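A short write-up of the structure that comes next.
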Number of protein chains: 2
Amino acid sequence: MFRIGEFSRIARVSGRLLRYYDSIGLLSPQRVDPATGYRYYTADQLGRLNRVLALKELGLTLDQVARLLEETISVEEIRGMLTLRKAELERSLGEQAARLRHVESRLQQIDEQGRLADYDVVLKPVAAQSFLALRRTFAGMDEAVATLRELARETARQVPIDARGALVVVAHSDFEDEQLDLEIGFVLARSINRRIATTDGRALAIGELPAVDRMATLVRRGPDYQSHLAFGALGLWMDANDYAIAGPGREVFLELPFQRPDQHDTVMEIQFPVARAA
Amino acid sequence: MFRIGEFSRIARVSGRLLRYYDSIGLLSPQRVDPATGYRYYTADQLGRLNRVLALKELGLTLDQVARLLEETISVEEIRGMLTLRKAELERSLGEQAARLRHVESRLQQIDEQGRLADYDVVLKPVAAQSFLALRRTFAGMDEAVATLRELARETARQVPIDARGALVVVAHSDFEDEQLDLEIGFVLARSINRRIATTDGRALAIGELPAVDRMATLVRRGPDYQSHLAFGALGLWMDANDYAIAGPGREVFLELPFQRPDQHDTVMEIQFPVARAA
DNA sequence: CTCCGGTTTGACGCGGCGTCAAAGTCAAGC
DNA sequence: GCTTGACTTTGACGCCGCGTCAAACCGGAG
């Protein structure tokens, strides 16, 4: 019989750990002196302790270790738990590797630019949203901006404020195209009955912005003519982290533009659905 | 200006997180109404929040993120922190991969044996210890066991109990050799002056059991003739986890054998210094 | 009997929030 | 104006696996 100190030296663990394992019923001493509360361990129990430590080393929680050590558990259940753990480890290995790539790409950006990158790309899931919008092709940016401006004005006038969500532009065409296939509208917070139309008679149609579980997002502030910088940053990020565009991008206006005449800066969130590159 | 709920929806984070970041000074709202305590955020702050989230994604602690966002920090310091983080990630990646191999080997053992493996190998660092022992070659196991038995008896008689550590056998030869080159003795808890000798006149010499930072250990209970099972388990473990023997193995007796005539079982810890296989 | 070094229980701390709970605020509808 | 119901505030506890005190008690040697 060893007292806790000697046993902890033999096992090379702390006494605190032994007391903790006792308190959660994972490894109780063979005998506890009822008068003094002293814990007495036997050499045998080192085997059990080692089993606990070995299973813990696999990354299992102490709860899981306890279940694995119950005598009523079947081999299949043990296999199941370990298989589960294996899958989890594989997933987290992938995540760790991705993190490492992220760090490396930030370091590379610092070396190239002499400072921390200007834009930060964040990956988030986005839920589906009801979307009231107008889809058409535009001959150029100027035309698109004019329509955007008009729509911002009209919705502000015609749509109740509590139904009005953010103004969003969805780009269905690549940026290299001559013709811009855009969908311009705003998110509906609740359904409305009113018909909204532009001055040239086109009516906005209700559709849905589909949910995207891996949306690369980036916040940009500044005048329009600098927007290529933000897109460049997004491209770099996807390159460095092995992502590819997986759907039409969106521009979400957080501060409505054109609200005051002196307001040149707009704040928008640029969003792109992405997927792991092959 | 957005209130916390709207801002949290835009940023797709919880309100609790925003309040927490405010409380630790990581991201405070632009304005706080002094009368009501309501927090008001601007679109601009989404940029800062995204920077925080992006850096957190790299696995940095919020403390480190806060330091990275201080304006007084230099590019070199940022580079240093990220480089450090990179090294840490590489280390932990290796650990994760090792864990995965461990899980896979346990699964394989289950498939082969139909149950959880009998022995659990645990890796621990072992400190240097003062060692009073006799080293010689033995013609066979019987001779070695006889000496071990005699030494156990003699030390029990001649050495004060508070100086007596565990009985240890160090194997300097491989198990395949005809001649066994063994060192048999016990750990000294404190220095002693007494001379200890065996009946054939050989004196025990004081030496040192060197420290080993990666010792594979395993607890075995049972009669001597089954010890090959434990060694087999150790071999399997090293095989599966890419370790190789890196020094003489030890057998540490936790329950002194031969103490009572009816005692057949001994409990010992088998130890092997290991290193990553090439 | 006195030491000194064990040992006991108990509490707090860590990191990064999630999850209530109780109390106060806002805007819309009447 | 008053009532709702949705929102917001602060505060507290919980998680996981112990490390790290602190105060009180115990064991064996001299």
Side-chain angles (χ1 to χ4, degrees), chain A residues 1-41 49 52-67 85 88 92 159-164 189-190 192, chain B residues 1-41 49 52-67 85 88 92 99 160-164 189-190 192:
Chain A
M1 301 284 256
F2 308 107
R3 291 195 306 203
I4 198 168
E6 195 177 3
F7 191 67
S8 77
R9 273 190 301 279
I10 290 174
R12 282 168 274 276
V13 297
S14 72
R16 178 66 176 94
L17 179 145
L18 292 174
R19 268 176 223 124
Y20 181 59
Y21 285 2
D22 182 13
S23 78
I24 62 174
L26 192 51
L27 174 68
S28 300
Q30 184 94 9
R31 196 175 76 81
V32 176
D33 187 320
T36 69
Y38 271 37
R39 294 171 176 81
Y40 292 92
Y41 294 86
L49 176 57
V52 169
L53 296 178
L55 293 174
K56 177 163 76 87
E57 239 291 300
L58 304 181
L60 298 164
T61 67
L62 295 187
D63 233 50
Q64 294 171 319
V65 171
R67 278 203 294 279
R85 177 64 193 144
E88 207 178 307
S92 109
V159 182
I161 196 165
D162 66 331
R164 224 154 60 202
R190 61 172 175 81
I192 60 172
Chain B
M1 302 285 256
F2 309 106
R3 291 195 304 205
I4 199 167
E6 195 177 1
F7 191 66
S8 78
R9 273 189 301 277
I10 290 173
R12 283 168 272 276
V13 297
S14 72
R16 178 66 175 96
L17 179 145
L18 292 174
R19 275 188 274 267
Y20 180 59
Y21 285 1
D22 182 14
S23 79
I24 62 174
L26 192 51
L27 174 67
S28 300
Q30 183 95 4
R31 197 175 74 80
V32 176
D33 187 319
T36 68
Y38 271 38
R39 295 171 175 82
Y40 292 92
Y41 294 86
L49 176 57
V52 170
L53 296 178
L55 291 174
K56 178 164 74 88
E57 239 292 300
L58 303 181
L60 297 164
T61 68
L62 295 187
D63 234 48
Q64 294 171 318
V65 171
R67 278 204 294 279
R85 177 64 193 144
E88 207 177 307
S92 109
R99 248 192 282 278
I161 197 165
D162 66 332
R164 226 155 57 203
R190 62 173 174 79
I192 60 172

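Chain letters run A, B, ... following the sequence lines, proteins first, then strands; residues in each count from 1. The structure displayed is predicted, hence computed values, not measured ones. Only this structure's heavy atoms are used, side chains among them; waters, hydrogens and symmetry mates stay out.
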Detail all sub-3.5 Å separations between protein N/O atoms and N/O atoms belonging to nucleotides 24-26 of chain D.
{"residue": "D/dC26", "atom": "O4'", "partner": "A/Tyr38", "partner atom": "OH", "Å": "3.4"}

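- For the residue pair A/Ser8 and A/Gly15, the shortest heavy atom distance occurs at CB-N, 4.0 Å.
- A nucleotide of DNA chain C counts as in contact with chain A when one of its atoms lies under 4.0 Å from a heavy atom; the first and last such, 5' to 3', are C/dG6 to C/dA11.
- Applying the side-chain hydrogen bond (donor to acceptor under 3.5 Å, both in side chains) definition to pairs two or more places apart or across chains, those involving residues 11-23 of chain A are A/Arg12-B/Glu269, A/Asp22-A/Ser28, A/Asp22-A/Arg39.
- For the contact set between residues 2-20 of chain B and DNA chain D, defined by any heavy atom under 4.0 Å, the members are B/Arg3, B/Ile4, B/Gly5, B/Arg16, B/Arg19.
- Interatomic distance, B/Lys56 NZ to B/Leu26 CG, rounded to the nearest 0.5 Å: 10.0 Å.
- Taking atom CG on B/Asp33 and atom C1' on D/dT8, their separation rounds to 11 Å, with Å as the unit.
- Applying the side-chain contact (heavy atoms from CB on, under 4.5 Å) criterion to A/Ser92, with sequence neighbours excluded, gives B/Gln96.
- Among residues two or more places apart in sequence or in another chain, the side-chain contact (heavy atoms from CB on, under 4.5 Å) test is passed with B/Ala54 by A/Arg106, A/Asp120, A/Val122.
- For the salt bridge (charged side-chain N to carboxylate O under 4.0 Å, His left out) condition, no pair includes a residue of residues 27-36 of chain B, sequence neighbours left out.
- Partners of A/Glu57 under the side-chain contact (heavy atoms from CB on, under 4.5 Å) rule, at least two apart in sequence or in another chain, are B/Arg99, B/His102.
- The CZ atom of B/Arg67 sits 9.5 Å away from atom CG of B/Leu60, with the distance rounded to the nearest 0.5 Å.
- Scored by the salt bridge (charged side-chain N to carboxylate O under 4.0 Å, His left out) test, A/Glu88 finds A/Arg85 as partners (sequence neighbours excluded).
- Taking the side-chain contact (heavy atoms from CB on, under 4.5 Å) definition, one finds that A/Arg164 meets it with A/Thr155, A/Ala156, A/Val159, A/Ile161, A/Phe186, sequence neighbours left out.
- Between the side chain of A/Gln64 and the backbone N or O of A/Thr61 there is at least one donor-acceptor pair closer than 3.5 Å.
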Tell me, with the steps shown, if A/Leu49 and A/Tyr41 meet side-chain contact (heavy atoms from CB on, under 4.5 Å). CA-CA 11 Å; A/Leu49 176 57; A/Tyr41 294 86; over 6 Å; no
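- Within residues 53-61 of chain B, the residues approached by DNA chain C to less than 4.0 Å at the level of any non-hydrogen atom are B/Lys56, B/Thr61, in residue-number order.
- A rotation axis mapping the C1' atoms of four pairs onto the next four is fitted at both ends of the helix from C/dC1-D/dG30 to C/dC30-D/dG1 over five pairs, and the angle between these axes is 40° to 10 degrees.
- Counting non-hydrogen atoms under 4.0 angstrom, A/Tyr40 reaches nothing in the nucleic acid.
- Rounding to the nearest 0.5 angstrom, the gap separating the CZ atom in A/Phe2 from the CG atom in A/Leu18 is 12.5 Å.
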